[in-house]
Amino acid sequence: MRTTTGWRAAGPTVLRRASLERRDLRPDDIAVQVDYCGVCHTDLHALCTYDQHTDAPLVPGHEFTGVVTGTGPGVTAFSAGDRVAVGNIVDSCGVCAMCEAGQENFCHSFPTLTYGGTDRQDGSTTLGGYSREYVVREAFAYPLPPNLDPAAAAPLMCAGITVWEPLRSLRVGPGSRVAVAGLGGLGHLAVKMAVALGATTTVISRSQDKRDDARKLGAHDLIASTDTQQMAAARDTFDVVIDTISAPHDLAPYLKLVAMDGTLSLLGYLGPLTVEAMDLLVGRKKLSSAGSGGRPATAEMLQFCADNGVAADIEVLPSSQVDVALDRLRRNDVRYRFVLDMSDLD
């Protein structure tokens, strides 16, 4: 086994620096020195529900960038020194219809997650990127384009691919009218990507407070969801509404914004929903969702971001301040993504 250092859960919301074990390199494995790891709401949720007495070991972190430090004998895509990015999926069955279609995120036997997953060969629990080293199959690591900043690129591997998937599947491009509900970690990247794809893009927020931020991100307008007149004026306007709101909320006001044959895509809240059929019927509107992305889409997303100067707006903290990042994230005190610098684990 290989050893490294990382931040391991010691109870709800408690992380402690600890020695971690990584597997010896299999033929198609690469070892990655983790340089930057994004902090995701998923990490916060996993920690809040963690019980060290009954649950498997937990090391969060599933959006990170780094440098290859070692390769298995069968690796052909990477060499030591290569810059790479890794997201929230590190394996899949590879043979089901979804995997064969390049949608490993929908693997019929469920993809192996970067942390809290079960290794498909030895049954061990996967430990995430809040660590100095990660061992991953080369097929689930991606070359990091040279013109992408490694810290700002880390959140692309979760938040970025999550919004990229529906934007691409819904064929957003020049002439498209897109609204993004919620301007947080997901939302700000949805705005940047929609604008870069050529869409006329509007932010929907609870108030006008983020109008300047929306403009800086490239949005053409902002609608306050609490302003009934603005919402009524925008009825049947948008081909695609990307809903990144993470809390339970009424979908009816957002469905009313969707144009005929348009789509409301839910990315933030994935719990139980109540929808009035008439809100879909009037205008032949569609309700969809998305999460993460397969290997082809992830590689495409990274190259698109490199070609169009798209990256996350981040605040970098040393990994020793992970508790600060999590506490501020819990209070929504970030614009728009925390990234941990893992070099202090040396």
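- Formation of a donor-acceptor pair under 3.5 Å by the Asp221 side chain with backbone atoms of Thr202 is not found in this model.
- Heavy atoms only, all atoms of each residue included: Ala141 and Val136 are closest at CB-CG1, 4.2 Å.
- Using a 4.5 Å cut-off between side-chain heavy atoms of Ile, Leu, Val, Met, Phe, Trp and Tyr, with links allowed through other members, Ile89 and Leu144 fall into different hydrophobic clusters.
- More than 12 non-hydrogen atoms from other residues, nucleotides or ligands lie less than 6.0 angstrom from CD of Gln52.
- Leu127 has its side chain within reach of Pro57: a pair of non-hydrogen atoms, C-beta onward, lies under 4.5 Å apart.
- Val334 and Leu44 fall within a single hydrophobic cluster, where Ile, Leu, Val, Met, Phe, Trp and Tyr are joined by side-chain heavy atoms under 4.5 Å apart, directly or via other members.
- In this structure a side-chain-to-backbone donor-acceptor pair under 3.5 Å is present from Lys210 to Leu183.
- Contact between Ala311 and Leu156 at its shortest, heavy atoms only, is CA-CD2, 4.3 Å.
- One finds the OH atom of Tyr115 at 5.5 Å from the OG1 atom of Thr42 (value rounded to the nearest 0.5 Å).
- Counting non-hydrogen atoms of other residues, nucleotides and ligands closer than 6.0 Å to NE2 of His45 gives a total of 12 or fewer.
- The aromatic rings of His249 and Tyr254 stand perpendicular to each other, their planes meeting at an angle above 60°, with 30° marking the opposite boundary.
- Distance CG/Leu345 to OG1/Thr4: 7.5 Å, rounded to 0.5 Å.
- Contact of the Arg335 side chain with the His188 side chain is not registered, since no non-hydrogen atoms from C-beta on lie closer than 4.5 Å.
- Separation of atoms CD1 (Ile30) and CG (Asp82) is listed at 8.5 Å; rounding is to 0.5 Å.
- Using a distance-only test at 3.5 Å, with no hydrogens or angles considered, a donor-acceptor pair links the side chain of Arg328 to the main chain of Asp333.
- Looking at Asp239, its side chain never comes within 3.5 Å of a backbone N or O of Gly262 through a donor-acceptor pair.
- Note on Met342: it does not cluster hydrophobically with Val316, by side-chain heavy-atom contacts below 4.5 Å among ILVMFWY residues.
- Here OG1 of Thr237 is found 10.5 Å from CE of Met231. Values are rounded to the nearest 0.5 Å.
- Cys107 has its side chain out of reach of Met98: every pair of non-hydrogen atoms, C-beta onward, lies at least 4.5 Å apart.
- Among pairs with a residue in residues 110-134, those fulfilling salt bridge (Lys or Arg N to Asp or Glu O under 4.0 Å) read Arg2-Glu133, Arg23-Asp119, Arg26-Asp119, Arg26-Asp122, Asp35-Arg132, Arg132-Asp346, at least two apart in sequence or across chains.
- Atom CG of residue Leu267 and atom OG of residue Ser292 lie 11.5 Å apart, to the nearest 0.5 angstrom.
- For Leu329 against His41, the heavy-atom pair with the smallest separation is CD1-NE2, 3.6 Å.
- Remark: Met1 CE is packed, more than 12 non-hydrogen atoms of other residues, nucleotides or ligands lying under 6.0 Å away.
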Run the numbers on Asp236 and Lys285 for salt bridge (charged side-chain N to carboxylate O under 4.0 Å, His left out), then give the verdict. CA-CA 10 Å; Asp236 300 331; Lys285 299 175 182 183; 2.9 Å; yes

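- Using a 4.5 Å cut-off on side-chain heavy atoms (C-beta onward), Trp7 and Leu340 make no contact.
- Side chains of Val86 and Tyr142 form no contact here, defined as non-hydrogen atoms less than 4.5 Å apart.
- Interatomic distance, Ser288 OG to Glu165 CD, rounded to the nearest 0.5 Å: 10.5 Å.
- When atom types are taken as modelled, the side chain of Arg295 and the backbone of Glu104 share no donor-acceptor pair closer than 3.5 angstrom.
- Enclosure of atom CZ in Arg331 by more than 12 non-hydrogen atoms of other residues, nucleotides or ligands within 6.0 angstrom is indicated.
- Scanning all heavy atoms of the two residues, the minimum distance from Cys40 to Cys158 falls at SG-SG, 4.0 Å.
- The main-chain N or O of Ala56 is found under 3.5 Å from a side-chain atom of Tyr50 such that the two form a donor-acceptor pair.
- Placement of Val241 and Leu266 within a single hydrophobic cluster is found when ILVMFWY residues are connected by side-chain heavy-atom separations under 4.5 Å, directly or transitively.
- Taking the charged nitrogens against the carboxylate oxygens, Asp212 and Arg215 have no contact shorter than 4.0 Å, which rules out a salt bridge.
- By the 4.5 Å heavy-atom criterion applied to side chains, Val39 and Leu326 are counted as neighbours.
- Remark: the backbone N or O of Ala152 is not paired with any side-chain donor or acceptor of Arg337 at under 3.5 angstrom.
- Residues Val339 and Pro155 are in side-chain contact: their nearest non-hydrogen atoms beyond the backbone lie under 4.5 Å apart.
- Looking only at distances, a side-chain donor or acceptor of Gln230 sits under 3.5 Å from a matching main-chain atom of Ala224.
- In the hydrophobic clustering of ILVMFWY residues, with side-chain heavy atoms under 4.5 Å counting as a link, Val172 and Val310 come out together.
- Of all the heavy atoms in Ser265 and Leu170, the pair that sits closest is CB-CD1, 4.4 Å.
- No donor-acceptor pair under 3.5 Å is formed between the side chain of Asn88 and the backbone N or O of Thr114.
- The backbone N or O of Leu148 lies less than 3.5 Å from a partner atom in the side chain of Arg83, making a donor-acceptor pair.
- Minimum heavy-atom separation, Leu270 to Ser289: CD2-OG, 3.5 Å.
- Each of Thr201, Val163, Val178 was evaluated against Val191; a single residue qualifies, Thr201, per the side chain to side chain contact (heavy atoms under 4.5 Å, CB included) test.
- Of the options Asp29, Val84, Val68, Thr76, a side chain to side chain contact (heavy atoms under 4.5 Å, CB included) to Glu138 is made by Thr76 and by none of the others.
- No hydrogens or angles considered: a donor-acceptor pair under 3.5 Å links the side chains of Arg22 and Ser131.
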